[in-house]
Amino acid sequence: METEKFDNALYSVGEGIRKTLMFISDESKVKIQEIRLRAEKPLAVTIDGRVMFVSKNSSLKESSKEAFIVTKGDIDEAFKNLTANSVYS
């Protein structure tokens, strides 16, 4: 399955972001080059060099108007997942 790498990568991000990204179309998933997480900013992805915003209903938009907003908690959860809760000072 072409989307398997994308779907597996979603386990590194927090649950709220994962639930939003998992319902992006398979056609879009295989084209995504980057997932951009910034606290208190819209969830964004890069596709073919263009930044697109992910809406709350998992559609991709050129405008950030209806985008899913990444919280500090989402960032903290992703960081903990990526470091397997092994964070040193």
Side-chain angles (χ1 to χ4, degrees):
M1 177 179 241
E2 292 183 33
T3 64
E4 187 174 351
K5 287 182 183 179
F6 182 90
D7 293 335
N8 287 338
L10 294 182
Y11 289 98
S12 297
V13 298
E15 186 176 354
I17 295 169
R18 180 172 46 253
K19 286 181 178 179
T20 302
L21 293 175
M22 70 188 320
F23 293 108
I24 290 175
S25 73
D26 287 350
E27 181 181 319
S28 294
K29 283 180 182 180
V30 297
K31 294 180 181 179
I32 291 175
Q33 301 161 315
E34 174 187 13
I35 299 170
R36 192 173 296 174
L37 307 179
R38 297 177 297 164
E40 309 310 322
K41 300 285 183 187
L43 177 60
V45 296
T46 303
I47 296 180
D48 297 327
R50 291 184 1 217
V51 175
M52 302 292 289
F53 298 97
V54 184
S55 73
K56 296 169 191 164
N57 67 356
S58 304
S59 60
L60 300 179
K61 308 276 187 179
E62 290 185 4
S63 168
S64 64
K65 197 174 194 177
E66 300 174 26
F68 176 97
I69 302 297
V70 178
T71 66
K72 183 181 181 317
D74 292 326
I75 299 289
D76 290 343
E77 191 174 357
F79 185 75
K80 287 177 184 176
N81 289 343
L82 288 166
T83 61
N85 286 313
S86 182
V87 180
Y88 298 95
S89 58

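For T46, the side chain to side chain donor-acceptor pair (under 3.5 Å) partners two or more places apart in sequence, or in a different chain, are E34. Remark: K72 engages D76 in a salt bridge (Lys or Arg N to Asp or Glu O under 4.0 Å) (not counting sequence neighbours). With sequence neighbours excluded, no residue forms a side chain to side chain donor-acceptor pair (under 3.5 Å) with R38.
Of the inter-residue distances, the one linking I32 atom CD1 with K5 atom NZ reads 15.0 Å to the nearest 0.5 angstrom.
The side-chain heavy atoms of D7 and K29, taken from C-beta on, include a pair separated by under 4.5 Å. Between I47 and Q33 the shortest side-chain heavy-atom distance does not fall below 4.5 Å.
A distance-only check finds a donor-acceptor pair linking the side chain of S25 to the backbone of S28 [under 3.5 Å].
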Distance-only donor-acceptor pairs under 3.5 Å for side chains of residues 49-57, two or more places apart:
from	atom 1	to	atom 2	distance (Å)
S55	OG	N57	N	3.4
S55	OG	N57	OD1	2.3
S55	OG	S59	N	3.1
S55	OG	S59	O	3.3
S55	OG	S59	OG	2.7
N57	OD1	S59	N	3.4
N57	OD1	S59	OG	3.0

Scan the side chains in residues 17-24 for donor-acceptor partners under 3.5 Å anywhere in the protein, sequence neighbours excluded, and list what turns up.
from	atom 1	to	atom 2	distance (Å)
R18	NH1	L10	O	3.3
R18	NH1	V13	O	3.0
K19	NZ	E15	OE2	3.0
T20	OG1	G16	O	3.0

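The local environment of CD in E27 is sparse, with at most 12 non-hydrogen atoms from other residues, nucleotides or ligands closer than 6.0 Å.
Other residues sharing a hydrophobic cluster with I69 under the 4.5 Å side-chain heavy-atom criterion for ILVMFWY residues do not exist; the residue is a singleton.
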Between E40 and T71, does a side chain to side chain contact (heavy atoms under 4.5 Å, CB included) hold up when you go through it step by step? CA-CA 5 Å; E40 309 310 322; T71 66; 4.2 Å; yes
